[in-house]
Number of protein chains: 2
Amino acid sequence: MDVKTLCLGALTERDLTGYEIKQHFEEAYSHFFVAGYGSIYPALADLTRRGLVCCTSVPQEKRPDKKVYSLTKTGRDALIAELMATPPRHKVRSEFLVLMVFAHLLPPEKVAEIAEAMVAQWDALLTSIDQCMSEDQGCFSPGMRFAIGYGKTVVGAARSYVDDNKEQLIATIQEETASDEAAD
Amino acid sequence: MDVKTLCLGALTERDLTGYEIKQHFEEAYSHFFVAGYGSIYPALADLTRRGLVCCTSVPQEKRPDKKVYSLTKTGRDALIAELMATPPRHKVRSEFLVLMVFAHLLPPEKVAEIAEAMVAQWDALLTSIDQCMSEDQGCFSPGMRFAIGYGKTVVGAARSYVDDNKEQLIATIQEETASDEAAD
DNA sequence: CTCAGCATGTAATGCGTTACATGATTGA
DNA sequence: TCAATCATGTAACGCATTACATGCTGAG
């Protein structure tokens with residue numbers, strides 16, 4: 001599964017431009033999938049070439065044309081086939097946790113700064129998840145609600161864990177730093 | 001930050017072979033960083049060339065030589081510089097949640113199967129985290145303990161959320177499927 | 001006899017990230 | 001006037017995944 005699949009998925013709800021698909025990624029999918037213009041536009045071009053979406057140029061006043069994409073029947077079938085064939089994976093790559101693992105090699109103030117920055121990032125993410133949830137006027141799919149609930153729960157748990165345990169970690173490495181210096 | 005940094009990090013504890021580094025990734029880092037031989041061996045070769053690690057061939061009985069890597073002073077400094085310069089990121093890419101978002105396009109039994117498979121994967125991960133924790137004879141860094149605690153908490157929360165909410169999701173899409181068919 | 005574990009690597013391919021490139025409008 | 005928003009794309013680079021390639025040992 002790649003960005004193409006997500007583009008097809010986004011188009012099941014309604015027709016969208018590439019730009020709007022990017023927004024969609026940032027709003028609704030941000031806590032579990034990221035994609036930038038550099039992936040989305042080439043994906044859309046490829047999907048058009050393969051007939052899975054079709055593209056209509058809509059002239060606009062005072063703006064260049066926009067390209068509105070819509071899902072074809074073939075595209076819908078391809079999406080379902082792709083979903084049926086996708087094994088459920090969930091990958092995390094956390095440079096933050098790597099930094100924490102080697103916290104004892106860093107100045108304690110730096111560790112505190114890193115932990116606070118991470119908590120702030122998660123707070124921002126939680127705010128955007130809440131906002132997303134409040135925009136649901138019965139129009140979200142049940143799965144979308146499930147994913148939003150997941151985000152609130154799991155990102156919330158991560159945020160709290162770090163917030164609750166960072167002081168302890170910093171205190172421990174501070175002790176170690178002190179005893180290392182005494183040993184010199 | 002890339003696989004190279006993690007290799008340097010692993011070598012702060014003790015000298016290791018490429019094979020052992022891979023084990024290390026699977027045991028201690030599995031819930032937040034993945035790397036295979038195809039990344040580790042080239043990384044080690046590059047680090048050796050740049051003088052950040054040094055490599056000793058150890059002849060073995062009844063086995064080919066193994067290459068034991070150790071961190072040089074330069075390597076240690078480079079690791080710390082790299083850590084200091086790394087902004088704390090935490091990226092999730094969940095094909096599982098994508099599948100859930102589009103659950104209404106799939107047969108309910110398939111959705112159940114996917115959710116159960118994910119829960120089973122997380123159970124396996126939790127088991128390996130627990131095993132890792134039980135192997136700590138006071139030899140882990142405080143940061144490693146922090147990361148393990150994080151894993152237990154957050155993976156546990158994910159597992160529970162999915163286990164507690166999957167029935168509800170499946171029930172909802174079953175209703176929808178039924179009313180869609182009635183409409184036909 | 002077969003499978004799992006130890007042990008090291010290469011090569012191709014695919015994918016995403018990042019930076020680059022453009023340009024009009026609107027609100028502060 | 002400056003930044004943000006709308007809007008679309010290309011190109012280079014880096015990185016990881018995957019498959020391939022090899023070969024011995026010990027346990028069951």
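Order of the sequence lines fixes the chain letters, A, B, ..., with proteins taken first and strands second; residue numbering starts at 1 for each chain.
When the C1' atom of C:dC15 is taken as reference, atom CG of A:D46 falls 13 Å away, rounded to whole Å. Rounded to whole angstrom, the span from the CG atom of A:L44 across to the C1' atom of C:dG16 amounts to 16 Å. Whole-Å rounding puts the A:M1 CE to C:dC15 P distance at 13 Å. Put simply, CD1 on B:I40 is 14 Å from C1' on D:dC15, counting in whole angstrom units. Atom C1' of nucleotide C:dG14 and atom CG of A:D2 are separated by 10 Å, given to the nearest angstrom. To the nearest angstrom, P of D:dC15 lies 17 Å from NZ of A:K91. Put simply, CZ on A:R93 is 17 Å from P on C:dC15, counting in whole angstrom units.
Residues B:E82 and B:M1 have side chains in contact (heavy-atom distance under 4.5 Å, counting atoms from C-beta outward). The shortest distance between side-chain heavy atoms of A:L125 and A:S30 falls below 4.5 Å. Side-chain atoms of A:L44 and A:I21, non-hydrogen and from C-beta on, do get closer than 4.5 Å to each other.
A cation-pi arrangement is present between B:K22 and B:Y37, with the terminal nitrogen or guanidinium carbon under 6.0 Å from the aromatic centre and inside a 45° cone about the axis.
Between the side chains of B:Q131 and B:T127, no donor N or O sits under 3.5 Å from an acceptor N or O.
The closest donor-acceptor contact from the side chain of A:K110 to the backbone of B:M84 lies under 3.5 Å.
Distances shorter than 4.0 Å separate none of the side-chain N or O atoms of B:S39 from OP1 or OP2 on D:dC15.
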Each nucleotide N or O in nucleotides 4-11 of chain D that has a protein N or O under 3.5 Å away: list the pair and distance.
from, atom 1, to, atom 2, distance (Å)
D:dC6, OP2, A:Y19, OH, 2.8
D:dC6, O2, A:R63, NH1, 3.4
D:dA7, OP1, A:Q60, OE1, 2.7
D:dA7, OP1, A:Q60, NE2, 3.4
D:dT8, OP1, A:K67, N, 2.9
D:dT8, OP2, A:Y19, N, 3.1
D:dT8, OP2, A:Y41, OH, 3.0
D:dG9, OP1, A:K67, NZ, 2.3

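The ring of A:F96 has its center no closer than 6.0 angstrom to the ring center of B:F32.
Of the residues in residues 24-33 of chain A, not one places a heavy atom less than 4.0 Å from an atom of DNA chain C.
Ring geometry, A:Y150 versus B:Y161: the interplanar angle exceeds 60°, so the pair is classed perpendicular (tilted spans 30 to 60°). By the 30° and 60° cut-offs, the orientation of the rings of B:W122 relative to A:H90 is perpendicular.
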